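Below, chain A is the first sequence line, B the second, and so on; all start at residue 1. What you are looking at is a predicted structure, and each value in this text was computed from that prediction instead of being measured.
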Amino acid sequence: MNVRAAIDQRLSEALSACTGRNSPALVQPASKPEFGDYQANGIMAAAKRLKTNPRELATAVIDTVALDDIVEQLDIAGPGFINIFLSAEFLAARLAREQPLVSPAQHPYTAVVDYSSPNLAKEMHVGHIRSTIIGDAVAKVLECLGHNVIRQNHVGDWGTQFGMLITYLTETGANSQVLEDLEEFYRAAKQRFDADADFATRSRLAVVGLQGGQPELRRQWQRFIDISLNHCQALYGRLGVSLSREDVHAESAYNDDLPNVIESLREQGLLEESDGAQCVFLDEFKGKDDQPLPVIVQKSDGGYLYATTDLAAVRHRHNQLNAQRVLYFTDARQVLHFKQIFAVARKAGFADAAMSLEHHPFGNMLGKDGKPFKTRDGGVVKLAELLDEAEARAFDLVTQKNSELGEDERREIARVVGIGAVKYADLAKNRTSDYHFDWDQMLAFEGNTAPYLQYAYTRVQSVFRRGNIDVESLTGETAPSEPAERTLAVTLLRFQEVLEQVAADAYPHYLCTYLYELASQFMRFYEACPVLTAPGKVRDSRLHLCLRVAETLKNGLGLLGIETVERM
RNA sequence: GCGCUCGUAGCUCAACUGGAUAGAGCAUCGGCCUUCUAAGCCGAGGGUUGAAGGUUCGAGUCCUUCCGGGCGCGCCA
């Protein structure tokens, strides 16, 4: 149940009845504890429009609204806020064992989530991590709310770079099953491509052959793609990312459809030739010197571009996948590109007005010094090495904190904590601007970090372990009385509204902020309210509250693709 | 040149269609372990939200101008 939405709806109805026009109540979580659990901000604006006294209007709304089943008390405060206090009965009823803390959306829809999308010519590096984990978290949240999620890993597997790679492999006879080697070959091939004009020509011919379906070239290419995808899958596995081979819908998959895209644009009179290239010009895009800005869909040599592929993808997602929402997670440099693609797609009818096309951009990963994140010698940081280091650092830490645990268990904790720390540090700040990657900060494991949340979870588990608690034997009820208990209870009930917000805005950091708040409140509760030594009924109530906290932490972290351990 | 984006405490970040005294963590300083794990809790200091105007009951949030950073702007993706 979305408590906030329920209160908002009823207060909005009451407010609208009082004002005689549609007036939103604007209910939010209260900004301070003394203002209650939620607050309504909409009275002042409504009173303003009616030129009436906001406090009087608030009184009328409170007299009108029916919230007795949820709310204990409604106060008018300040210039015309309504402070909302949830009733103890309501809290207890919603937290009872049989009540789900997450309920599915009333109107589920089909959402395509386009994320990760690495270039298969290279090993995955830090530049791929943001798209991969942010997109995956949003996909999981949408799915958890009952939406039909179609993951699309739009991997780069086509184009000149593959031509030169295949040519290099064929000509040198180089052979390997390991992607790291292939990356070496890629570097060598690129060097020859730049230095040797004949080699470059042969490479371009290879691309033509590839696109034309020449069997030997296709076989070579496929072998390479397989190795590369296996490498990606291994990393997805380590990262707890839910992408599988079935989600791969590569650039090459649209190859046969590209001429149709061009033809469709031509038929609709949207195509214009400019300097030999096929372009779509739209009035809303201007380039240098106020010149119209083209979206080039076919090069003067007849080749297609990523704009063409993306247009084909939009059409596919509309016509074949029947998506109502399409969410793209790519870096911020592509904002113009996607604005253009979306505009052309709409104009050409590849997407209708009912299909929401959303680009969710994010900034670059920067090092501590504010410059692009690189290795000491200026190289690209490989994702696999990044994760290795995270685990190694976490292992040192867990050894230092808990040396009595066996090595295997410490390794496992280090894996869960290290990977979690890297992911959480990124997910917790979804800035559209750049992101500062700082080992010391994320692996300090203090404050708003994954380990803090994971530690809160282990503390709950520890209570159950210590008390030899059989969860089934509990009454499954809770009656929060202490302030720390009450706060915890109210926060637990906010899980649903937070998930819906993440789904709506595609910002996983809302979930992180929420989980951190929940964990902090649990820590305070843990200090203030003894559980195992409390008298019978209170003990049962607190144990059930603990259970709900653990469930929510595990569930919430799971949606972020972060695991938990029983002790650490 | 045009466009997009960002600028909040020493550092990294929050602040939900404009709401109450701008909040956290790190760092600094001071308390709390014979009682469920101290990777914790409690407290203190730290701010002209880049600058100046404007809109209004109310602006970190909206508008204008300026300053500073990042990115993009015809056949790469």
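Under 3.5 Å, the side chain of A/Q501 and the base of B/C16 form at least one donor-acceptor pair of N or O atoms.
Projected onto RNA chain B by closest heavy-atom contact, A/A519 and A/P79 fall at different nucleotides, the more 5' of which corresponds to A/P79. Between A/A528 and A/T449, the residue anchored closer to the 5' end of RNA chain B is A/T449, taking for each the nucleotide with the nearest heavy atom.
Dashed line: the shortest gap from a side-chain N or O of A/Y507 to OP1 or OP2 of B/A15 is not under 4.0 Å. Distances shown here put every side-chain N or O of A/R459 at or beyond 4.0 Å from the OP1 or OP2 atom of B/G40. Distances shorter than 4.0 Å separate some side-chain N or O of A/K32 from OP1 or OP2 on B/G23.
Note on A/R4: a base of the nucleic acid sits closer than 4.0 angstrom, heavy atoms only. Note on A/F285: nothing from the nucleic acid sits closer than 4.0 angstrom, heavy atoms only. Among the atoms of the strands shown, base atoms are found under 4.0 Å from some heavy atom of A/N83. Within the 4.0 angstrom heavy-atom criterion, base atoms lie near A/V398. Contact annotation for A/C529: base contact, defined as any heavy-atom pair under 4.0 Å involving a base atom. Within 4.0 Å (heavy atoms only), A/P29 reaches at least one base atom of the nucleic acid. Within the nucleic acid shown, A/F81 comes within 4.0 Å of at least one base atom, counting heavy atoms only. The residue A/M523 sits close only to the backbone: its heavy atoms come under 4.0 Å of sugar-phosphate atoms, none of a base. Among the atoms of the strands shown, base atoms are found under 4.0 Å from some heavy atom of A/Y526. Base engagement by A/A45 is indicated by at least one non-hydrogen atom pair under 4.0 Å involving a base atom.
The gap from the C1' atom of B/U34 to that of B/A38 amounts to 15 Å, rounded to the nearest Å. Taking the P atom of each, B/G45 and B/C2 are spaced 47 Å apart, rounded to whole Å. Going from the C1' atom of B/U28 to that of B/G70 covers 32 Å, rounded to whole Å. Nucleotides B/U17 and B/C11 have their P atoms positioned 28 Å apart, rounded to a whole Å. The gap from the C1' atom of B/C16 to that of B/U61 amounts to 11 Å, rounded to the nearest Å. B/G30 and B/U21 have their P atoms separated by 34 Å, given to the nearest Å. Comparing the C1' positions of B/C62 and B/G43 gives an interatomic distance of 39 Å, to the nearest angstrom. With both ends at atom C1', the span from B/C63 to B/U56 equals 13 Å, rounded to whole Å.
Taking atom NZ on A/K368 and atom P on B/C13, their separation rounds to 13 Å, with Å as the unit. One atom, NZ of A/K51, and another, C1' of B/U56, lie 13 Å apart when rounded to the nearest Å. In this structure, the OH atom of A/Y455 is 11 Å from the C1' atom of B/C36, given to the nearest Å.
Distance from the side chain of A/K401 is smallest for B/A39 among the nucleotides B/A39, B/U12, B/U17. With B/A20, B/C13, B/C36 as the choices, the nucleotide that has an atom nearest any side-chain atom of A/A77 turns out to be B/A20.
Remark: ring of A/Y452 does not overlap the six-membered base ring of B/A39 in a stacked fashion, as centroids less than 5.5 Å apart with planes less than 30° apart are not both met.
A salt bridge is defined here as a Lys NZ or Arg NE, NH1 or NH2 lying under 4.0 Å from an Asp or Glu carboxylate O, and A/E500 with A/R4 fails to meet this definition. A salt bridge is defined here as a Lys NZ or Arg NE, NH1 or NH2 lying under 4.0 Å from an Asp or Glu carboxylate O, and A/E563 with A/K554 fails to meet this definition.
Applying the salt bridge (Lys or Arg N to Asp or Glu O under 4.0 Å) definition to pairs two or more places apart or across chains, those involving residues 118-129 of chain A are A/E123-A/K382. Screening residues 439-450 of chain A for salt bridge (Lys or Arg N to Asp or Glu O under 4.0 Å), with sequence neighbours left out, gives A/K368-A/D440, A/R393-A/D440.
With hydrogens and angles disregarded, a donor-acceptor distance shorter than 3.5 Å links the side chain of A/T59 to the backbone of A/R55. In this structure, A/S228 contributes its side chain and A/I225 its backbone to no donor-acceptor pair below 3.5 Å. Although no hydrogens or angles enter the test, the distance criterion places a donor-acceptor pair under 3.5 Å between the side chain of A/Y514 and the main chain of A/T491.
Note on ring orientation: taking the six-membered ring where Trp is involved, the planes of A/Y435 and A/F437 are perpendicular (angle over 60°, cut-offs 30° and 60°). Ring geometry, A/F338 versus A/F342: the interplanar angle falls from 30° to 60°, so the pair is classed tilted. By the 30° and 60° cut-offs, the orientation of the rings of A/Y507 relative to A/Y510 is perpendicular.
The ring-ring contact (aromatic ring centres under 6.0 Å, His included) search around A/H544 returns none, not counting sequence neighbours.
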Bracket string, RNA chain B, 5' to 3' - pairs by Watson-Crick or G-U geometry under 3.5 Å, | interstrand: (((((((..((((.....[...)))).(((((.......))))).....(((((..]....))))))))))))....
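Looking at heavy atoms from C-beta onward, A/F162 lies out of side-chain contact with A/V207 at the 4.5 angstrom threshold.
B/C33 shows a glycosidic angle within 90° of 0 and is accordingly assigned syn.
Taking every heavy atom of both residues into account, A/V314 and A/A345 meet most closely at CG1-CB, 3.8 Å.
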Nucleic acid footprint by protein, nucleotides 28-34 of chain B - heavy-atom cut-off 4.0 Å, B for base, S for sugar-phosphate alone: -------
Annotated protein contacts, base or backbone, on nucleotides 67-77 of chain B with a non-hydrogen cut-off under 4.0 Å, one of B, S, - each: ---SSSBBBSB
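Remark: A/R130 fails to qualify as a cation-pi partner of A/F329 under the 6.0 Å distance and 45° angle criteria applied to the six-membered ring.
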